[in-house]
Each structure stands twice: as structure tokens, then as C-alpha cells.
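One structure below.
Every number for a ligand or one of its atoms is a count from 1 in the order of the listing. All residue numbers refer to positions in the sequence shown, counting from 1.
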Amino acid sequence: MPATIDLLTSPTLKHLRERWWNDDFTEFLAETLRPRPGNRILDVGCGEGNAQVRLGRLHVSQLRLFGVDLVIERVMVARHEAGAHNQRVGYACADACHLPFRDGAFDSTFCVAVLQHIGDVQAAVREFARVTAPTGRVLALEPDNEARYWFSSTPGGVRAFEVSTRFFGALGAARGDLTDAKVGPRIPSLFTTHGIDPIAVRMFPVSQTQLGPYEESVWQRRRDVVQQAIDQAPTNTVRDLGREYLQVLDAYAAEATQAGPSFVEIQNTMLFATVGQKRE
Ligand SMILES: C[S@@+](CC[C@H](N)C(=O)[O-])C[C@H]1O[C@@H](n2cnc3c(N)ncnc32)[C@H](O)[C@@H]1O
């Protein structure tokens, strides 16, 4: 399975970046952020600088791009990438909830798949509003990690999804995970609370279909991810649930292989893009 959606190994869209960072998505980002010559644009949770490289290709004169990320290693990769593409981007290591910029410093501010990792999304959106100039654009693209469609043609697949959901839910709870799985569709109300008028919402579905049995390597990858999660689980209860899940996965793999060409597995999840305008 390529770097793609797999609801059996993750409760979130965290690993799905490659699926939405295509040319359509860049075009949407550019249309929404409306970069003008001389504009300053901030990407919060910029990761390895994907957005800057893509926006840089638009060749808007004197566009000033900035990116911050909590993880210094990602900021360093982003800096290296910008250099390799001959771009000047201002990168810094910073927390979305405490941005190191003055009020109204940017013409537009955006984030892609970042709020889903943050416990205090109110603080982060408050900061987005603070650092954006009046009438500037704010854009947040985030998933609803609970809105997951799953279909499998075998009963083992239905069971695997059910146990997977319980296992990853229990893992998150045992780790004290405070993030909001449904943050995507809640962004318009978060924006309104912090002085950003929502002006558009667009959905980006992310899907994966499989017809006919998977290769063994896919099942092995699924087992490996679950085993890794079991090894890192903080409680015996969660570890036991993980071991049960591994057995269910094995049974599912056997059923899928036996079903042969009639085996079908369909997965879909949603990314929500909310476009807002900072109030005057
Ligand atoms: C799924 S990645 C998305 C990266 C990038 N936006 C993209 O689309 O390629 C999420 C990023 O958010 C960053 N992140 C998580 N919590 C953060 C916080 N509190 N402040 C800043 N960045 C954060 C992570 O380090 C990671 O690089």
C-alpha cells in the first residue's frame, strides 16, 4: 500500500500528506491566500516546508513566506529545502499557541493538518487571529478523524475496523491525548470566537479502494504498526486489546486471501478547509 489512507493502522490523517498535496490543492491554497507582491504569509506547523516550495513556484514578486514548527528537525529540513529551491523563507521553531510575532504581522496565516495535533486549539486560533492583519485571510485545513467510512466485503474486515477503533481510542485515552478528533468541521465556530469571519468551507475527501487481496507485505505492515503501538502502550489493558487486535487482523488477512478477486475494501475520510477573514 503506498503512503495512503489506512484506517486499520491510524485513527488520524496525520500520515496522509501526500494525498492532498497535489497541484489542485496548491491552486486552492494560492487562490484562497491571494498572495500579492510584497505580502507576508505565515504557515503554522509548516513541517518540512512543502507549502513554501509550492507557493514559491507561483513566482509572486517579493512574496515573503514564513513557516514555524514545533519540531526543530522539521524546521531544519524545511530550511534546507528552501535553499535547494533557491528560495528565501523565514523559518523558526515555535509553538502555534505562542507565536513569536507582533500583532497583525502577516497578510495571511494558514495551517495544514496541525490543529489535529494540538490540545488547546482555542489558544492556537487566537494566535492566528492576533498575528494576522485586519481583513487578512486565515485558512485552516484539518480533518474530522471520526468521520471515517469503512467497508469490507468480509466479516473479519468489519470486526478489524471495530477493534482498531477501540484500540487506537484506548491508546489515545491512556496517553492522556487531549486533541480534538473532530476539529475540522468545528473551525468556523473557532474562527468566529476569535474575530475571524468564516467565508467558505470546502471538503477534500481522501479515499482508498482495494479490489482483490492485498499482497502479504500490506498485512505485515499493518501487523508491524500495531505491534509498535502495543510496545509503546502505557497500560496492560491497552496492550491486551492490542494483542486481541493482532489476532483479529490475522483472521481478516486469511479471509481476504481466501475471498480472492471478490475481496473489496473501501476507506474514506475527510479534510475540511475553512477560509476566514480577520475582522477589521
Ligand atoms: C501532519 S504535519 C503537517 C505539516 C505541514 N503543514 C504539511 O502539510 O506538510 C503536522 C505538523 O504540525 C507540527 N505541530 C504539531 N503541534 C504543533 C504546535 N503546537 N506548534 C507548531 N507546530 C506543531 C508538527 O511538528 C508537524 O510538523
Side-chain angles (χ1 to χ4, degrees), residues 3-7 9-30 32-33 41-57 65-82 84-85 87 89-101 105-106 108-132 137-145 168 172 175-181 183-184 187 190 194 202 204 206 269-275:
T4 184
I5 174 174
D6 189 4
L7 302 181
T9 53
S10 173
T12 72
L13 274 168
K14 285 170 188 153
H15 57 302
L16 296 180
R17 191 182 61 205
E18 304 311 324
R19 291 299 294 268
W20 67 73
W21 269 115
N22 54 28
D23 289 345
D24 281 353
F25 186 74
T26 308
E27 200 176 308
F28 167 76
L29 202 64
T32 307
L33 296 173
I41 298 184
L42 173 66
D43 178 4
V44 182
C46 60
E48 297 181 352
N50 210 349
Q52 288 65 46
V53 170
R54 285 174 175 269
L55 289 173
R57 284 190 198 134
L65 299 173
F66 297 81
V68 296
D69 200 282
L70 198 56
V71 178
I72 183 71
E73 288 78 11
R74 298 204 177 129
V75 172
M76 286 164 73
V77 173
R79 269 199 195 123
H80 178 267
E81 283 298 304
H85 287 83
Q87 284 184 315
V89 182
Y91 282 116
C93 187
D95 184 346
C97 302
H98 305 280
L99 292 172
F101 304 108
F106 297 96
S108 313
T109 301
F110 72 97
C111 73
V112 180
V114 176
L115 295 175
Q116 64 168 340
H117 297 279
I118 295 181
D120 190 355
V121 289
Q122 297 282 353
V125 173
R126 189 182 308 124
E127 282 292 84
F128 291 7
R130 184 185 65 75
V131 301
T132 307
R137 284 277 165 102
V138 183
L139 171 65
L141 290 109
E142 297 292 334
D144 178 348
N145 288 313
F168 285 110
R175 285 182 180 152
D177 182 0
L178 297 174
T179 57
D180 179 358
V183 67
I187 287 171
L190 277 165
H194 295 289
R202 177 167 158 187
F204 289 86
V206 190
T269 189
M270 291 293 173
L271 193 68
F272 293 75
T274 304
V275 186

Original post:
Would you say C46 touches ligand 1, if touching means a heavy atom closer than 4.0 Å?
Top reply: yes
Original post:
Any N or O of D69 that comes nearer than 3.5 Å to an N or O of ligand 1?
Top reply: yes
Subject >> Test log, rule side-chain contact (heavy atoms from CB on, under 4.5 Å), inputs Q116 and T179 >> reply: CA-CA 6 Å; Q116 64 168 340; T179 57; over 6 Å; no
Original post:
For ligand 1, which atoms, with element, lie under 4.0 Å from some heavy atom of D95?
Top reply: 18 (C), 19 (N), 20 (N)
Original post:
Would you say Q116 has any N or O atom under 3.5 Å from an N or O of ligand 1, going by distance alone?
Top reply: no
Original post:
If you measure from each non-hydrogen atom of A94 to ligand 1, which part falls under 4.0 Å: side chain, backbone, both or neither?
Top reply: backbone
**OP:** Could you tell me whether some N/O pair between L70 and ligand 1 is separated by less than 3.5 angstrom?
**Re:** yes
Subject >> Proximal atoms of ligand 1 relative to I118 (non-hydrogen, under 4.0 Å) >> reply: 16 (N), 18 (C), 19 (N)
**OP:** Could you list the atoms of ligand 1 found under 4.0 angstrom from a heavy atom of A96?
**Re:** 18 (C), 19 (N), 20 (N), 21 (C)
Original post:
With a cut-off of 4.0 Å, which atoms of ligand 1 are near a heavy atom of G47?
Top reply: 4 (C), 27 (O)
Subject >> Under 4.0 Å to a heavy atom of V112 - the qualifying atoms of ligand 1, by number >> reply: 3 (C), 5 (C), 6 (N), 8 (O)
**OP:** Determine the minimum heavy-atom distance between A51 and F110, stating which atoms define it.
**Re:** CB-CZ, 3.7 Å
Subject >> Smallest separation among heavy atoms of A96 and L99, with atom names >> reply: O-CG, 3.6 Å
Original post:
Do L29 and L141 come close enough that some side-chain heavy atom pair is under 4.5 Å?
Top reply: yes
Original post:
Which heavy atom in Y91 sits nearest to a heavy atom in R79, and how many Å separate them?
Top reply: O-NH2, 3.0 Å
Original post:
For ligand 1, which atoms sit closer than 4.0 Å to a heavy atom of H117?
Top reply: 1 (C), 10 (C), 15 (C)
Subject >> Candidates L115, L139, L190, L42 - the one meeting side-chain contact (heavy atoms from CB on, under 4.5 Å) with F128 >> reply: L115
Original post:
For E127 and R130, which heavy atoms make the closest approach, and how far apart are they?
Top reply: OE1-NE, 2.7 Å
**OP:** Return the minimal non-hydrogen interatomic distance between E142 and V112, and the atom names on each side.
**Re:** OE2-C, 4.2 Å
Original post:
Does the side chain of Q122 come under 3.5 Å of the side chain of H194 through a donor N or O and an acceptor N or O?
Top reply: yes
Subject >> Atom indices of ligand 1 within 4.0 angstrom of R74 heavy atoms, with elements >> reply: 24 (C), 25 (O), 26 (C), 27 (O)
Original post:
For G45, is at least one N or O under 3.5 Å away from an N or O on ligand 1?
Top reply: yes
